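As structure tokens, the structure follows; a few thoughts come after it.
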Amino acid sequence: MTVVKLDHALIKHKLTNIRKSSTSTKDFYQNVNEIAGLMAYEISKDFPVRQIEITTPICKSMQPELACEVVIVPILRAGLGMVDGIRNLIPTAKVGFIGLYRDEETLEPHKYFCKLPETIHNGITLVVDPMLATGGSAISAIQMLKEEGATDIRFACLVAAPEGVEALSNAHPDVKIYLASEDEKLNENGYIVPGLGDCGDRLFGTK
């Protein structure tokens, strides 16, 4: 199990912005995307590269380029808020989609949609969801990806509860988890404390 907590001043600052209940939908969406981009910069630092020959204005030269396909898989719907920030940094990335909803009584996830690019089999798959609460949705989504042939899977979220981190680590010890913040706990309703509230509602103005 590997859990990476990204200790970056700009990430912390922008995370404070989205925690505020007074933050508008526009600013919330913008800050989530910006945090995702900053996280992607850190997550991608160990992506494999290969040497290719290019021609600069001065001469021919061997230089590095990414040697892997990158697939971003947001867990709908809140995960959509992180996609643009990552694609701004890695514009060649493909995007797959997994739709899960949580039963409000049991808190168990249920699948309603799955659409993935073919490169899921041989690339790095970055699963994104702003919140890791009970861990149920992330565990289910990653299991689906493994069944579809994904082998190098990484999970990124903005805020996580300790309960969710533990559950995901136990279920998928081979998946590296990247966090902007590990929060205090889950409350009796399964929400992260202090958290962000309902991230999907705040991203898309549906609260």
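We're numbering straight along the sequence, starting at 1. Please read these numbers as outputs of a predicted model, since none were measured by experiment.
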* To do: May I have the step-by-step check of side-chain contact (heavy atoms from CB on, under 4.5 Å) for K176 and D46, ending in yes or no?
  => CA-CA 12 Å; K176 188 178 287 189; D46 66 345; 4.1 Å; yes
* After noting the C-alpha distance and the side-chain angles of K5 and D7, does the key distance pass the salt bridge (Lys or Arg N to Asp or Glu O under 4.0 Å) rule? -> CA-CA 6 Å; K5 298 175 186 177; D7 187 22; over 6 Å; no
* Should E65 and R50 be marked as a salt bridge (Lys or Arg N to Asp or Glu O under 4.0 Å) after you check the CA-CA gap, both sets of side-chain angles, and the distance that decides it? -> CA-CA 6 Å; E65 69 170 9; R50 62 179 168 236; 3.0 Å; yes
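Rounded to the nearest 0.5 Å, atoms OG (S181) and NZ (K12) are 9.5 Å apart. We find the CG-OH distance between L76 and Y112 to be 4.5 Å, quoted to the nearest 0.5 Å. With values rounded to the nearest 0.5 angstrom, N122 atom CG is found 6.5 Å from T119 atom OG1. In this structure, OG1 in T16 is found 12.0 Å from CD1 in I11, a value given to the nearest 0.5 Å. Considering CD1 of I35 and CG of N17, their distance stands at 8.0 Å, rounded to 0.5 Å. Atoms CG and OG1, from D27 and T25 in turn, are 9.0 Å apart once rounded to the nearest 0.5 Å.
Considering only heavy atoms from C-beta on, I153 comes within 4.5 Å of V127 through its side chain. Looking at heavy atoms from C-beta onward, L116 lies in side-chain contact with L145 at the 4.5 angstrom threshold. Side-chain contact between M39 and H8 is absent, with no heavy-atom pair separated by less than 4.5 Å. Taking the side chain as every heavy atom from C-beta outward, V4 and R154 never approach each other to under 4.5 Å. Considering only heavy atoms from C-beta on, V32 comes within 4.5 Å of M82 through its side chain. Two residues are said to be in side-chain contact when any heavy atoms from C-beta on lie closer than 4.5 Å; I86 and I43 fail this criterion. Within the 4.5 Å cutoff, the side chain of V83 has no heavy atoms near those of the F97 side chain. Contact check for V70 versus T92: no side-chain heavy atoms found under the 4.5 Å cut-off.
For the pair R87 (side chain) and I72 (backbone), a donor-acceptor distance under 3.5 Å is absent. Here the side chain of R202 pairs a donor or acceptor atom with the backbone of L196 at under 3.5 angstrom. In this structure a side-chain-to-backbone donor-acceptor pair under 3.5 Å is missing from T23 to R19. In this structure, the side chain of N33 engages the main chain of G81 through a donor-acceptor pair within 3.5 Å. In this structure, D183 contributes its side chain and V159 its backbone to no donor-acceptor pair below 3.5 Å. Side-chain N or O atoms of S44 include none that pairs as donor or acceptor with a backbone N or O of F47 at under 3.5 Å. Looking at H121, its side chain does come within 3.5 Å of a backbone N or O of E148 through a donor-acceptor pair. Not a single donor-acceptor pair under 3.5 Å links the side chain of N189 to the backbone N or O of Y191.
Ion pair R77/D201 flagged as a salt bridge, since at least one NZ, NE, NH1 or NH2 atom sits closer than 4.0 Å to an Asp/Glu carboxylate oxygen. The pair D174-K146 counts as a salt bridge, with a side-chain nitrogen and a carboxylate oxygen less than 4.0 angstrom apart.
Hydrophobic clustering of Ile, Leu, Val, Met, Phe, Trp and Tyr side chains at less than 4.5 Å, counting indirect connections, unites L158 with L10. Cluster annotation: I52 and V49 are assigned to distinct hydrophobic clusters (Ile/Leu/Val/Met/Phe/Trp/Tyr, side-chain heavy-atom contacts under 4.5 Å, transitive).
Between G96 and V71, the shortest heavy-atom contact is N-CG1, 4.3 Å. When all heavy atoms are compared, the tightest approach of L89 to Y41 is CD2-N, 3.4 Å. For the residue pair A150 and T125, the shortest heavy atom distance occurs at CB-OG1, 3.9 Å. Listed here is the closest heavy atom pair of A141 and I98: O-CD1, 3.7 Å. When all heavy atoms of S137 and I75 are compared, the pair lying nearest together is O-CD1, 4.0 Å. Residues L203 and A78 approach most closely at CD1-O, 3.3 Å, considering heavy atoms.
Taking a 6.0 Å sphere around CD of E118, one finds it holds 12 or fewer heavy atoms contributed by other residues, nucleotides or ligands.
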